[in-house]
Enquirer: 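Dropping the structure in here first, questions after.
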Amino acid sequence: MKVFQTKKSLQAYLNESRALNKKIGLVPTMGALHLGHTSLIEQAKHVNDIVVCSIFVNPTQFNDPKDLEKYPRTLEADIALLEDVDCDVLFNPSVEEIYDNNEKWYLDIGDLEFILEGKFRPGHYQGVMQVVYKLFDIVKPANAYFGQKDYQQFLVISKMVDLTRMEIKLTICPIVRESDGLAMSSRNRHLTAYDHELAIVLSRTLNWVKENFYKKSIDALLEEAKLLISSNPNIVFEYFEVVDGLTLKPANHQTEKVVALVAAKVGNTRLIDNILIK
Ligand code: AMP
């Protein structure tokens, strides 16, 4: 695997590859890689000649400085995992390589920025768009891969690509879970064994809502889901919503594509998860 830390060296390599008509796929990550990340790389390898994985803990998307500080950084293990799955290129830039001082970014994506995750993490999606736009501009991939785990993020990036008319095909990949149902996440490293046990309630509740979708009103489902999750004092419930999968506005039983999304703090770790109901 080739490893680049600078835009210039990465672009020199990719320009040569492009001249040979090679198709480039990009998998943006913040590192602390797990099987959820490698599933994206494997998917990318099916249709691209060169798969670039970026590892960059993006400061502008953290609304809480403590969260940024304690975000896990495990570069050596990440490189080993990327080599195992035959990733072609790792782009691992410094913050200074990506950002000039006091750089500004704002793109109006309407309500999507302010609901669900946006409500709990002000500014988060502007930071996500800012860095993904830069990565797209540096790598210029034909395809880019994201996880359903961050469902709203996928809609945000899709909207950004539409508004900025970038010609990049985006693919959303299924959530990879632990055998007990917990969605894999870099943040799971912060969970104690006890927290991990508690955290399983999130995926259990999502599954329960899916199974009972046509048996109860949506209000009754939401009430029950909230009770199930907040019954333990070590869990701080943030939201549980059943929404239209395209607009993220509240769904009803007739809505064509329905997604349930949840966020909660388990111990000191904030977790999110979701499930496609139909
Ligand atoms: P992150 O490093 O957390 O920014 O995630 C990088 C990419 O991996 C994002 O597109 C995530 O949605 C995706 N991802 C994270 N966890 C999972 C998972 N458990 N299954 C599938 N994709 C995931």
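Counting convention: from 1, in listed order, for ligands and their atoms alike. Nothing here was measured: the structure is a model prediction, and the numbers come from that model.
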Enquirer: State whether the side chain of D244 and the backbone N or O of A251 hold a donor-acceptor pair below 3.5 Å, judged by distance alone.
Expert: no
Enquirer: State, to 0.1 Å, how close I98 and K134 come at their nearest heavy-atom pair, and which atoms those are.
Expert: O-NZ, 2.9 Å
Enquirer: Indicate the ring-plane relationship of F146 and F136, choosing parallel, tilted or perpendicular according to the 30° and 60° boundaries.
Expert: perpendicular
Enquirer: Please check if any side-chain donor atom of N58 sits under 3.5 Å from a side-chain acceptor atom of Y99, or the reverse.
Expert: yes
Enquirer: So if I only count non-hydrogen atoms and take anything under 4.0 Å from ligand 1, which residues does that give, chain by chain?
Expert: P28, T29, M30, H34, G36, H37, L40, Y71, F146, G147, K149, D150, Q153, P174, I175, V176, M184
Enquirer: Report the residue from Y125, Y151, Y239 that forms a side chain to side chain donor-acceptor pair (under 3.5 Å) with E117.
Expert: Y239
Enquirer: How close do L182 and L191 get, counting heavy atoms only, and between which atoms?
Expert: CD2-CD1, 4.0 Å
